[in-house]
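There's a structure below that I have some questions on.
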Amino acid sequence: MLSFSVTPCLLHHNRVVLHAPFSFTVRSSSSTFQQIEVSKTDRDLSSELYSAVSFPKIQVAKRVVLVRHGQSTWNEEGRIQGSSDFSVLTKKGEAQAETSRQMLIDDSFDVCFSSPLIRSKRTAEIIWGARKEEILTDYNLREIDLYSFQGLLKHEGKAKFGAAYRQWQVDAANFNIDGHYPVRELWARARSCWTKILAHESRSVLVVAHNAVNQALVATAIGLGTEYFRILLQSNCGVSVLDFTPQAEGGSPHICLNRLNQTPNSPVAGGSSAGRKTSKRIILVCHGSTEGDSEIAQASLDYSADQPMNMLGVIQSQKTAELLLDLKVSSIISSPKTACVKTAEAISRVQEAADCLGADCVPRYVEMKQIDELDIEDILQQSKKNADAVDVVPPSQAGWLKGLEAEVSSRVWNKSGKAWESLLSELDVSEIEKIVVVVGDPAVNIALMGHCLNLRKEWMEPFHLDAGSISVMDFPDGPTGRGVIRCINYTAHLGRWSIPITRTTVDDEEF
């Protein structure tokens, strides 16, 4: 089962490295200077408000698959689209949509919601294929309204609007144009979209829309505010999956972000993060499936045993190593547990054979380290002791965090925080480009993502990772800046050795 329970809670930013409120100075079109300050308190308040809002009650479990449209003509030109409807898919965009169709071909979608804009509607038509059900368009799924910005090339926007364009780049949540706050309006619109989607009688839903609105849909689903705009990336035809599970006592459903931005192309390919070039990156790798992942081993809840990978896990680790071959990895840091070490060694072997494999002209040297802070199995053993009193779910299943006592989850969070400090120090070196691969248990990798996003320990619950998956975090402003999540729980590289993105929900009460 791939369901996950989460109770909404308030968000506070408590990253290991805390920064004071920041400000920046920009020149307006009238050649005067304006000081813009974004306080930590304002950012906290935004997410507190969104996390406190309940979703409508649902009767059955629902899986919602979000897809961004393929590359459009205005994407290709670098023109600001907003909610305008003058661009169409390029040939590349059509091909991306076809790849997404193949990726989702075996699912059992009951309904498709689409933005009415041409680029999104065409993507939906390609993915929906020969299905007989009509595609439902919803005007609220249109892209963010950018008013006077729409239709301008980016350099034109900078020249014409000066300070306003600068604020759009660095403080989008408070960006104001033509008397509107586009990002705030978008977040409110996303909430109304969820009300309509969850009210539909379907159980498996496809939603095809746009970059910004899909970001808002993901963020509002897990209770994050407007300050997370441009933090959860949505690439052309990227697929994100959310699971909604009803609570027995009614009320707002449990929500799980099963994966974020599974793209038709490699998630580690060169490019930008939220429009900015990045040279610092952390890649979280979950070790391959272990002997302890069998149903018999799960029943025993023996978390303390240092389990080796099974044959499936060995294949998964090799597939991950091959995916990372196109990157020049600087260092690999792993938990000292056997499955993590063996996965790290597989990645290292392929990296160091890059010249023989035609990926590089010279041999590569990859530094390998093991740090105890990535090993949390001793902490998880605490949950075994209380297994008779608490409904603890094995860590190989999505939702295991639900069963952990507060003390256990606090210890996981605190220990992972020390690991996060070490990883940031690893990035903060003189090298212009630095790619650090981290191999750990899904639980510790989830906690590391939470630290990257400046969340509290309670926010570990909405996330899920599979064996052999990768999650990518970019740091366009360096290790002291905010991390940008390029993808979460990417498994396309595993092929037949992965858990499908979607699955049939017929006669299955949970995902």
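For the single chain, residues carry numbers from 1 onward in sequence order. Atom set for the values below is all heavy atoms of this structure, side chains included, hydrogens, waters and symmetry mates excluded.
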Handout entry: Taking every non-hydrogen atom, the tightest pair across Ile446 and Phe463
Key =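 Looking at all heavy atoms of both residues, the shortest contact is CD1-O, 3.5 Å.
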
Practice task
Kindly write out the residues that satisfy ring pair (Phe, Tyr, Trp, His ring centres under 6.0 Å) with His287, not counting sequence neighbours, or none if the list is empty.
Solution key: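 Per chain and number, His287 pairs via ring pair (Phe, Tyr, Trp, His ring centres under 6.0 Å) with no residue.
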
Exercise for the section: Return yes if some donor-acceptor pair links the side-chain N/O of Thr99 with the main-chain N/O of Ala95 below 3.5 Å, else return no. Expected result: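 Confirmed, Thr99 side chain pairs with Ala95 backbone.
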
Exercise for the section: For the pair Asp145 (side chain) and Tyr147 (backbone), establish whether a donor and an acceptor sit closer than 3.5 Å, ignoring hydrogens and angles. Expected result: no

Exercise for the section: Determine, for Arg364 against Asp355, whether the closest basic-nitrogen to carboxylate-oxygen distance falls under 4.0 angstrom. Expected result: no

Exercise for the section: Please examine the side chains of Arg142 and Val213, heavy atoms only from C-beta on, and report whether any two atoms are closer than 4.5 Å. Expected result: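 Sidechains of Arg142 and Val213: no contact.
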
Handout entry: Thr90/Gln71 under side-chain hydrogen bond (donor to acceptor under 3.5 Å, both in side chains): CA gap, chis, key distance, verdict
Key = CA-CA 6 Å; Thr90 62; Gln71 184 195 61; 2.7 Å; yes

Practice task
Indicate the ring-plane relationship of Phe244 and Phe55, choosing parallel, tilted or perpendicular according to the 30° and 60° boundaries.
Solution key: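 The arrangement is tilted - the two ring planes meet at 30° to 60°.
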
Handout entry: Working for side-chain hydrogen bond (donor to acceptor under 3.5 Å, both in side chains), residues Ser84 and Gln150
Key = CA-CA 7 Å; Ser84 64; Gln150 294 181 174; 4.7 Å; no

Exercise for the section: Mind checking side chain to side chain contact (heavy atoms under 4.5 Å, CB included) for Ala321 and listing every partner two or more places apart, or none if nothing turns up? Expected result: Ile347, Val350

Exercise for the section: Using only heavy-atom distances, determine whether the side chains of Ser279 and Glu433 contain a donor-acceptor pair under 3.5 Å. Expected result: no

Practice task
Just jot down the side chain to side chain contact (heavy atoms under 4.5 Å, CB included) partners of Lys434, sequence neighbours excluded, or say none.
Solution key: Lys280, Ser330, Ser331, Glu426, Leu427, Val429, Glu431, Val436

Handout entry: salt bridge (Lys or Arg N to Asp or Glu O under 4.0 Å) partners of Glu98, counting only residues at least two apart
Key = Arg101

Exercise for the section: Answer with yes or no whether the side chains of Ser289 and Gln316 bring together a donor and an acceptor at under 3.5 Å. Expected result: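 No, Ser289 and Gln316 have no side-chain donor paired with an acceptor closer than 3.5 Å.
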
Problem - side chain to side chain contact (heavy atoms under 4.5 Å, CB included) partners of Ala419, counting only residues at least two apart - result: Ile371, Glu373, Leu374, Leu448

Handout entry: Residues forming a salt bridge (Lys or Arg N to Asp or Glu O under 4.0 Å) with Glu322, sequence neighbours excluded
Key = none

Exercise for the section: Tell me, please, which residues at least two apart from Phe175 pass ring pair (Phe, Tyr, Trp, His ring centres under 6.0 Å). Expected result: Phe149, Trp168

Handout entry: Worked check of side chain to side chain contact (heavy atoms under 4.5 Å, CB included) between Asn489 and Ser469
Key = CA-CA 5 Å; Asn489 199 31; Ser469 69; 3.1 Å; yes

Handout entry: salt bridge (Lys or Arg N to Asp or Glu O under 4.0 Å) involving Glu76 - partner list, sequence neighbours excluded
Key =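 For Glu76 there are no salt bridge (Lys or Arg N to Asp or Glu O under 4.0 Å) partners, ignoring immediate neighbours.
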
Handout entry: Side chains of Ser204 and Asp110, donor plus acceptor under 3.5 Å
Key =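 Side chains of Ser204 and Asp110: no pair found under 3.5 Å.
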
Handout entry: Exercise: identify the closest heavy-atom pair between Leu242 and Ile222
Key =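 Heavy atoms only, the tightest pair is CD2-CG2, 4.5 Å.
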
Handout entry: Qualifying residues under side-chain hydrogen bond (donor to acceptor under 3.5 Å, both in side chains), relative to Ser115, sequence neighbours excluded
Key =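 Per chain and number, Ser115 pairs via side-chain hydrogen bond (donor to acceptor under 3.5 Å, both in side chains) with His210.
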
Problem - Residue pair Trp194 / Thr220, side-chain donor-acceptor N/O under 3.5 Å - result: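 Side chains of Trp194 and Thr220: pair found under 3.5 Å.
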
Problem - Side-chain heavy atoms of Val205 within contact of Ser202, under 4.5 Å - result: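 Of all side-chain heavy-atom pairs linking Ser202 with Val205, at least one is under 4.5 Å.
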
Handout entry: salt bridge (Lys or Arg N to Asp or Glu O under 4.0 Å) against Arg122, all qualifying residues, sequence neighbours excluded
Key = Glu94, Glu125

Handout entry: Sequence-distant partners of Tyr181, ring pair (Phe, Tyr, Trp, His ring centres under 6.0 Å), two or more places apart
Key =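 None.
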
Practice task
Might you confirm whether atom CD1 of Ile105 has over 12 heavy atoms from other residues, nucleotides or ligands at distances under 6.0 Å?
Solution key: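 Correct, the count exceeds 12.
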
Handout entry: Salt-bridge contact Arg63-Asp243 (side-chain N to carboxylate O under 4.0 Å)
Key = yes

Problem - Ring-face cation of Arg131 near Trp128 (centre distance under 6.0 Å, axis angle within 45°) - result: yes

Handout entry: From CA spacing to verdict: side chain to side chain contact (heavy atoms under 4.5 Å, CB included), Leu453, Ile231
Key = CA-CA 8 Å; Leu453 291 169; Ile231 298 300; 3.5 Å; yes

Problem - Any donor-acceptor N/O pair, Arg259 side chain to Tyr490 backbone, under 3.5 Å - result: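 A pair under 3.5 Å: no.
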
Problem - Under 3.5 Å donor-acceptor, Glu156 side chain and Leu153 backbone - result: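 Flag set: sc Glu156 to bb Leu153 pair under 3.5 Å.
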
Handout entry: Test item: Trp420 side-chain N/O and Gly450 main-chain N/O as donor-acceptor pair under 3.5 Å
Key =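 No, because the side chain of Trp420 does not come within donor-acceptor range (under 3.5 Å) of the backbone of Gly450.
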
List, one per line, each side-chain donor-acceptor pair under 3.5 Å for residues 232-239, sequence neighbours excluded.
{"unit_1": "Gln234", "atom_1": "NE2", "unit_2": "Ser240", "atom_2": "OG", "d": "3.1"}
{"unit_1": "Ser235", "atom_1": "OG", "unit_2": "Asn261", "atom_2": "ND2", "d": "3.1"}
{"unit_1": "Asn236", "atom_1": "ND2", "unit_2": "His69", "atom_2": "O", "d": "3.1"}
{"unit_1": "Asn236", "atom_1": "ND2", "unit_2": "Asn75", "atom_2": "OD1", "d": "3.4"}

Problem - Spatial distance of atom CD (Gln351) from atom CE (Met368) [nearest 0.5 Å] - result: 11.0 Å

